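This structure is a prediction, so every number in the text was calculated from the model and none was measured.
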Amino acid sequence: MPELSQQELETRFQKKIDDNLYIEPKDWMIDKYRHNLIRQISQHAHSEVVGMLPEGNWITRAPNLRRKAALLAKVQDEAGHGLYLYSAAETLGISRDELLNQLHTGKAKYSNIFNYPTLTWADIGAIGWLVDGAAIINQVMLQRASYGPYARAMIRICREESFHQRQGFEIMTILCRGTAEQKAMAQDALNRWWWPSLMMFGPSDKDSPHSSDMAKWRVKRESNDDLRQKFIDRTVPQADFLGITMPDKDLKWNETTQHYDFGKINWDEFHQVISGHGPCNRERMSARIKAHEEGKWVREAAAAYASKKAKQKL
């Protein structure tokens, strides 16, 4: 059988995607597709793991045992999500050590949202309601991503994120139905987390260097702006139900478009945070590196045990 040219390989590759068939790890793929997937999946994995930190420090301070158990379970879920995603990234030919080194040295990014502090218990509710709510909208489309291991990992992740969102909304509901001080705490959390939540979807696609290719390869099936608009349209009525006010004086329903118009996002803040100058960037990275170093003996013990078992089979 004659060897296919580069152009023929690329044509077959794109046709498989256009036919809504999965690209699997052993399939031929364009180098840029592989590199962009590693970038996106690893960033997603890093976000899940770093995202444990702002909530983890409230486990011991949760208001009751039920909340403590639920928050502990949620943080454990996020660790699992990171594991699924690191495993998916590894199928593209990059090692776990390399992925973590990129995170710890600042070469790889993670979601800007996790560089903000959790000041009160209401922040835990706001993260579940807003941050996980935004994540669900962004990630549902990834269940249909063209890369098989990524798409399959997202099925379970989305199911668990839906639980996290409901948990957060319940916390906000109870606070808003409580005392005046509790409702004020919920309003304050909304004020601080609303705009960073909108930034989670990223800049407009016309300003994103990767969006065009990722859309062509059907890793990304909806634009950043469309996903952000969907999130706003879904979330504003929920805030009305809670009886708290969105911190956006320009927010209003547009009868013509049948969507909410909203104010200008501070993209300077977004770029400042993702470049390492947010309120908690240094704290988050320091905690991750410390945990990685302190867990070295566990990794070494596991590797030694696996090696011993493998030799016993020979």
Side-chain angles (χ1 to χ4, degrees), residues 36-37 39-48 50-51 54 78 81 85 108-116 126-146 150-151 153-154 157-158 161-162 164-165 168-169 189-239 246-248 250-254 257-275 278 281:
N36 275 353
L37 272 174
R39 175 194 56 79
Q40 178 169 324
I41 297 173
S42 65
Q43 178 176 311
H44 193 167
H46 300 328
S47 299
E48 296 284 356
V50 176
E78 306 296 0
H81 298 172
L85 293 165
K109 305 295 184 183
Y110 58 89
S111 179
N112 67 299
I113 197 77
F114 300 118
N115 288 312
Y116 291 87
I127 289 175
W129 173 37
L130 300 175
V131 177
D132 293 322
I136 292 166
I137 287 177
N138 200 28
Q139 293 172 9
V140 163
M141 69 169 180
L142 296 176
Q143 295 177 107
R144 299 180 289 118
S146 60
Y150 193 23
M154 292 312 305
I157 290 174
C158 285
E161 293 291 1
S162 294
H164 300 165
Q165 195 273 342
F169 189 72
L190 171 59
N191 293 346
R192 287 182 288 107
W193 289 95
W194 175 245
W195 291 105
S197 295
L198 297 188
M199 296 176 195
M200 281 180 67
F201 296 96
S204 178
D205 286 277
K206 62 182 176 60
D207 301 319
S208 173
H210 306 291
S211 287
S212 177
D213 283 336
M214 297 306 263
K216 174 185 175 182
W217 295 323
R218 300 195 181 182
V219 175
K220 182 186 181 116
R221 291 177 177 261
E222 297 182 65
S223 73
N224 293 347
D225 290 329
D226 286 346
L227 292 168
R228 184 169 19 250
Q229 187 67 63
K230 186 182 295 186
F231 172 70
I232 293 170
D233 291 347
R234 185 175 298 181
T235 308
V236 172
Q238 295 171 351
M246 290 295 186
D248 182 357
D250 296 321
L251 185 71
K252 62 181 179 180
W253 179 252
N254 187 320
T257 63
Q258 292 294 294
H259 294 295
Y260 282 96
D261 294 333
F262 56 96
K264 186 178 179 181
I265 296 172
N266 184 353
W267 291 114
D268 288 339
E269 176 184 332
F270 170 82
H271 290 297
Q272 182 178 4
V273 173
I274 63 171
S275 64
N281 290 65

pair [X]-[Y]: side-chain heavy atoms closer than 4.5 Å:
{"X": "Glu78", "Y": "His164", "value": "yes"}
{"X": "Leu251", "Y": "Ile232", "value": "yes"}
{"X": "Glu269", "Y": "Met199", "value": "yes"}
{"X": "Ser162", "Y": "Ile136", "value": "yes"}
{"X": "Ser211", "Y": "Asn224", "value": "yes"}
{"X": "Tyr150", "Y": "Gln40", "value": "yes"}
{"X": "Thr235", "Y": "Met246", "value": "yes"}

Considering non-hydrogen atoms only, spot the tightest contact between [X] and [Y] and give its length.
{"X": "Ser111", "Y": "Ser47", "result": "N-OG, 2.7 Å"}
{"X": "Val273", "Y": "Asn112", "result": "CG1-O, 3.6 Å"}
{"X": "Asp248", "Y": "Gly263", "result": "OD2-N, 2.8 Å"}
{"X": "Ala134", "Y": "Ser197", "result": "CB-O, 4.3 Å"}

Roughly how far, to the nearest 0.5 Å, is the [atom2] atom of [Y] from the [atom1] atom of [X]?
{"X": "His271", "Y": "Asn266", "atom1": "NE2", "atom2": "CG", "answer": "10.0 Å"}
{"X": "Asn138", "Y": "Glu222", "atom1": "CG", "atom2": "CD", "answer": "9.0 Å"}
{"X": "Ile137", "Y": "Met200", "atom1": "CD1", "atom2": "CE", "answer": "10.0 Å"}
{"X": "Leu85", "Y": "Ser42", "atom1": "CG", "atom2": "OG", "answer": "10.0 Å"}
{"X": "Met214", "Y": "Lys220", "atom1": "CE", "atom2": "NZ", "answer": "8.5 Å"}
{"X": "Trp194", "Y": "Trp129", "atom1": "CH2", "atom2": "CH2", "answer": "7.5 Å"}

Sub-3.5 Å donor-acceptor pair from the side chain of [X] to the main-chain atoms of [Y], do we have one?
{"X": "Ser223", "Y": "Asp205", "value": "no"}
{"X": "Gln143", "Y": "Val140", "value": "yes"}
{"X": "Arg228", "Y": "Leu198", "value": "yes"}
{"X": "Asn115", "Y": "Ile274", "value": "no"}
{"X": "Arg221", "Y": "Ala215", "value": "no"}
{"X": "Asn254", "Y": "Asp261", "value": "no"}
{"X": "Gln229", "Y": "Tyr260", "value": "yes"}

Are [X] and [Y] close enough that a side-chain donor and a side-chain acceptor fall under 3.5 Å?
{"X": "His44", "Y": "Tyr110", "result": "no"}
{"X": "His259", "Y": "Asp233", "result": "yes"}
{"X": "Gln43", "Y": "His46", "result": "no"}

Legend entry - Parallel, tilted or perpendicular, as decided by the 30° and 60° cut-offs, for the rings of Phe231 and Phe201: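 Phe201 and Phe231: tilted rings.
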Inset, instruction - Anything under 30° is parallel, anything over 60° is perpendicular, the rest tilted; go ahead and classify Phe270 against Trp267. - result: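 Geometry flag for Trp267 against Phe270: perpendicular rings.
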Inset, instruction - Look at Asp225 together with Lys206 and state whether they make a salt bridge at an N to O cut-off of under 4.0 Å. - result: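 Salt bridge flag = no for Lys206 with Asp225.
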Inset, instruction - Please lay out, stage by stage, how Met154 and Glu161 fare under the test side-chain contact (heavy atoms from CB on, under 4.5 Å). - result: CA-CA 10 Å; Met154 292 312 305; Glu161 293 291 1; over 6 Å; no
Legend entry - Stepwise salt bridge (charged side-chain N to carboxylate O under 4.0 Å, His left out) check, Lys264 with Asp250: CA-CA 9 Å; Lys264 186 178 179 181; Asp250 296 321; over 6 Å; no
Inset, instruction - Mind running side-chain contact (heavy atoms from CB on, under 4.5 Å) on Val236 and Trp253 for me, showing each step along the way? - result: CA-CA 10 Å; Val236 172; Trp253 179 252; over 6 Å; no
